[in-house]
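What you see is a predicted model; the values in this text were computed from it and never measured. Chain letters run A, B, ... following the sequence lines, proteins first and then strands; every chain starts at 1.
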2 protein chains.
Amino acid sequence: MAKVDTSLVAHLPLFAGMTPEALDEILREARSARYPKNSAIFEQGADAQSFFLLLHGHVRAAKTTPAGEQIVVRYVTPGETFGLAMAIGAARYPATAMAVDDSVVLIWPTSAWPRLVERFPALAANTLQTVGTRLQESHTRILEMSTQQVEQRVAHALLRLAKQSGKKLDHGIEIDFPISRQDIAQMTGTTLHTVSRILSGWESQGLVESGRQRIILREPHKIVVLAERSVDSGTA
Amino acid sequence: MAKVDTSLVAHLPLFAGMTPEALDEILREARSARYPKNSAIFEQGADAQSFFLLLHGHVRAAKTTPAGEQIVVRYVTPGETFGLAMAIGAARYPATAMAVDDSVVLIWPTSAWPRLVERFPALAANTLQTVGTRLQESHTRILEMSTQQVEQRVAHALLRLAKQSGKKLDHGIEIDFPISRQDIAQMTGTTLHTVSRILSGWESQGLVESGRQRIILREPHKIVVLAERSVDSGTA
DNA sequence: CAGGTAGTTTGCGTTAGCGCAAAACGAGGC
DNA sequence: GCCTCGTTTTGCGCTAACGCAAACTACCTG
């Protein structure tokens, strides 16, 4: 197995409350791998043979309908785990994971999970914590889809991306991985056309600056206002 | 503490892989309580002092926006846990739980959780499993909301309710707890008006029979067809 | 049994956002 | 430097679903 530097990952929530020795033992079971931009890490429906921890880069998890429509479940940022099918007792991946940037991951064989959990119960507790948080976020997303208009949802989505993976600029925040209108549409439950129109509108108001797979929030605060304003208070 | 019969709950996924002694010890920490129909069990935003296991009845978990709009997160059926805020490290309940029928629950103080998990690691693993499954379901719901029309979403919702809490009748399946048009609207991201129109339509086709807070699926199979048909195949 | 309350139905006008289509744009490959 | 392909923009017509309003109905209460 490839040796991984413990100091890089020791602070992650996944390993909270663990001794250096335990951490070392867990890492010994992992190997690391590099996935180039736009390569698939695993496909929805495939045998869940591994689970992953992202070290560098960005990964998009997306779910596809039988008819071929997609939604983006989430963007994985460094330090987060993904592909935890086994934790929920699933034999197959429920989504497809794709590197949107050159990415480096740690990989554990799924078969190692039961043993690791038995030996290090904190692992299950920590994973429960993160999965629980994701469930929360998922409910929030459903709430937004049910109650907000598309423009507000797009505003929220961009703010979240900026918070998660924003690079601070002199004036504004840039989302630091390639993301298309289509991607944002799939995060907010709309079409790329509508997203394009919304961003065009914002651009002409100076709220954002954007181009091919690239978005900079120039006036984050004003976007917060857009995100929070209730439907009918527009002309108030 | 009230004594609870272990045989009633021993088979639940939450207690999978546990010895009778362990189960007994866990149950000793719980008390049971009865909530009458339409009473609140806990409110969104309140201190998460307890977590719950439903023994009898039905509980609706709903999330409210600052503006007062609600969505139904899920209906809890007997044998399921709810109010697991502590598992995700939240100090407050992220939703409101209400008994929709006279209900009986087991209640543990949140403060007992860390101790229980330490003593019985399987508890965390089992909870991870159920929370993971709920996350899956939540993603499926987002996918449906993004890609399907209202009628299909309502069909799916009813089929799920029927599967979860359906009472088999001579001819059809009855959802065996009180549920309003409004509730279904809040499960599917639409309005009670639209749900009412859809059910009226189905009723006139003989697919369902419904009344005040009561729905019977008379032709489950035909509803499955409705749920699965893709958007444009209507006139095919 | 009368009255009130909560849930349901239905009609009608409106519209946010979709779907299609076509053009413009920009980045990478040869 | 040119060509090609994927992304983005924009126009236009359409419709699913909403929002409002009013009537209706079943159940519960006093």
Query - Main-chain N/O of A:E203 paired to A:E209 side chain as donor or acceptor, under 3.5 Å - result: no
Query raised in the report: Does the pair A:E137/A:R160 count as a salt bridge with the N-to-O cut at 4.0 Å?
Result: no
Report task. Check the distance between D:dT25's P and B:L199's CG and give it to me in whole angstrom. Result -> 18 Å
Query raised in the report: Should B:T190 be listed as having a side-chain N or O under 4.0 Å from OP1 or OP2 of D:dA17?
Result: no
**Report entry** Heavy-atom check, side chain of A:R134 versus side chain of A:L84, under 4.5 Å
**Finding:** yes
**Report entry** Distance below 4.0 Å between A:T191 side-chain N/O and C:dG17 OP1 or OP2
**Finding:** no
Query raised in the report: Which sits closer to the 5' end of DNA chain C, A:E151 or B:Q213, going by the nucleotide each is nearest to?
Result: B:Q213
Requested in this report: Indicate whether OP1 or OP2 belonging to D:dA17 is found under 4.0 Å from a side-chain N or O atom of B:T194.
Outcome: no
Requested in this report: Please examine the side chains of B:H56 and B:P78, heavy atoms only from C-beta on, and report whether any two atoms are closer than 4.5 Å.
Outcome: no
Report task. Measure from the ring center of A:F82 to the ring center of A:F51 and say whether it is less than 6.0 Å. Result -> no
Distances for protein N or O near nucleotides 20-26 of chain C N or O, under 3.5 Å:
| unit_1 | atom_1 | unit_2 | atom_2 | d |
| --- | --- | --- | --- | --- |
| C:dA21 | N6 | A:H193 | ND1 | 3.4 |

Requested in this report: Between D:dC18, D:dT7, D:dA16, spot the one nearest the side chain of B:Q149, thanks.
Outcome: D:dA16
Report summary line: Taken to the nearest whole Å, CD/A:E203 to C1'/D:dT8 is 11 Å
Query raised in the report: Between A:S180 and D:dG6, is there a side-chain N or O to OP1/OP2 distance below 4.0 Å?
Result: no
Report task. Could you work out which one of D:dT9, C:dG17, D:dC18 sits closest to the side chain of A:R181? Result -> D:dT9
Query raised in the report: Across the strands shown, which category fits B:S196 at heavy-atom distances under 4.0 angstrom: base, sugar-phosphate, nothing?
Result: base
Counting only pairs under 3.5 Å, give me each side-chain donor-acceptor contact of residues 187-195 of chain A, with atom names and distances, residues two or more places apart or in other chains.
| unit_1 | atom_1 | unit_2 | atom_2 | d |
| --- | --- | --- | --- | --- |
| A:T188 | OG1 | A:I184 | O | 2.8 |
| A:T188 | OG1 | A:A185 | O | 3.4 |
| A:T191 | OG1 | A:T194 | N | 3.3 |
| A:T191 | OG1 | A:T194 | OG1 | 3.2 |

